[in-house]
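When reading the values below, keep in mind they use all heavy atoms of this one structure, side chains included, and skip hydrogens, waters and symmetry mates.
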Amino acid sequence: QEQLVESGGGSVQAGGSLRLSCVASGYIYSNYYMAWFRQAPGQEREGVAVIGSNGATRHADSVKGRFIISKDNAKNTVYLQMDNLKPEDTAMYYCAARYGRRWLTEPPLRRDAFNSWGQGTQVTVSS
């Protein structure tokens, strides 16, 4: 059974850093995309960053230069390094996977492009 488990969330002050981790288990697909989304209270879930099985990445404009997505294939883990955090980064962060679907040449950041989700990890940034 496929499963995504996030960790690494917490509370930090503005300007601080956190690293989120997402461990994937039960997946046997060679072509996939893994992504981070976030959702603040009363807001839509938005794509933050995505990485493909080929190593291609894409970051949302709001986090470019501050967040970096990466993966460790040996550990089946995707990371989101978040630096220079801002209060507006406060949200529940979700790991997502796209697998078993048509390969997309451009890494997607649309919610409907992903078919597996983790439970989320909370990130709170205080000013």
Side-chain angles (χ1 to χ4, degrees):
Q1 182 178 0
E2 296 95 356
Q3 187 177 23
L4 300 172
V5 179
E6 305 98 330
S7 63
S11 296
V12 296
Q13 290 190 325
S17 297
L18 285 172
R19 189 177 78 158
L20 305 184
S21 299
C22 172
V23 179
S25 59
Y27 296 87
I28 57 173
Y29 301 90
S30 57
N31 295 321
Y32 60 84
Y33 281 108
M34 299 288 294
W36 288 97
F37 284 74
R38 66 186 180 185
Q39 188 168 18
Q43 302 294 318
E44 295 287 324
R45 190 172 296 190
E46 63 172 351
V48 175
V50 57
I51 187 166
S53 50
N54 60 355
T57 63
R58 180 183 173 190
H59 297 77
D61 289 343
S62 59
V63 305
K64 282 182 180 177
R66 300 189 298 122
F67 293 9
I68 297 177
I69 191 170
S70 63
K71 63 185 176 76
D72 185 330
N73 293 331
K75 296 182 178 180
N76 293 325
T77 301
V78 174
Y79 303 99
L80 185 67
Q81 178 66 42
M82 306 186 295
D83 297 322
N84 191 21
L85 281 159
K86 303 176 181 181
E88 51 263 43
D89 296 318
T90 295
M92 184 71 78
Y93 283 70
Y94 296 91
C95 181
R98 174 186 173 91
Y99 59 92
R101 290 185 173 181
R102 176 176 61 89
W103 178 254
L104 299 175
T105 55
E106 181 174 351
L109 274 178
R110 308 184 324 268
R111 182 176 179 175
D112 63 1
F114 294 85
N115 53 334
S116 183
W117 295 86
Q119 294 300 306
T121 185
Q122 178 69 37
V123 171
T124 302
V125 184
S126 58
S127 58

> Which heavy-atom pair separates D83 from S17 by the least distance, and what is that distance?
Replying inline: OD1-OG, 2.7 Å

> At their closest point, which heavy atom of R58 faces which heavy atom of P107, and how far apart are they?
Replying inline: NH1-O, 2.9 Å

>> I'd like to know if Y94 and Y79 are part of one continuous hydrophobic network [Ile/Leu/Val/Met/Phe/Trp/Tyr, side-chain heavy atoms within less than 4.5 Å].
In response: no

> Looking at L109 and A60, what are the two nearest heavy atoms and their distance?
Replying inline: CD1-N, 3.9 Å

>> Surrounding CD of Q119 (heavy atoms of other residues, nucleotides or ligands, distance under 6.0 Å), is the total greater than 12?
In response: no

> Regarding K86 and N84, is there a side-chain donor-to-acceptor distance under 3.5 Å anywhere?
Replying inline: no

>> Clusters formed by hydrophobic residues whose side-chain heavy atoms approach within less than 4.5 Å: which one holds M34, and what are its other members?
In response: L4, V12, L18, L20, Y27, Y29, Y32, W36, V48, I51, V63, F67, I69, V78, L80, M82, L85, Y93, Y99, V123, V125

> Rounded to the nearest 0.5 Å, what separation is found between the CZ atom of R101 and the CG atom of N31?
Replying inline: 14.5 Å

> Rounded to the nearest 0.5 Å, how far does OG of S62 lie from CG of D89?
Replying inline: 7.5 Å

> Which distance, rounded to the nearest 0.5 Å, do you find between the CD of E2 and the CG of N115?
Replying inline: 8.5 Å

>> Donor-acceptor pair, distance only, cut-off 3.5 Å: does the side chain of E6 make one with the backbone of C95?
In response: yes

> Out of curiosity, F37 CZ to M92 CE, how far, rounded to the nearest 0.5 Å?
Replying inline: 16.0 Å

>> Which residues pass the side chain to side chain donor-acceptor pair (under 3.5 Å) test with R111, not counting sequence neighbours?
In response: none

>> For the CZ atom of R19 and the CD1 atom of I68, what is their distance to the nearest 0.5 Å?
In response: 12.0 Å

>> Show the nearest heavy-atom pair for residues P87 and A14, with the distance to one decimal.
In response: CD-CB, 4.1 Å

> If you look at every heavy atom in E106 and Y33, which pair is closest and at what distance?
Replying inline: C-OH, 3.9 Å

> If you look at every heavy atom in R98 and P108, which pair is closest and at what distance?
Replying inline: CD-CG, 4.5 Å

> Atom OG in S21, atom CD in Q81: separation rounded to 0.5 Å?
Replying inline: 9.5 Å

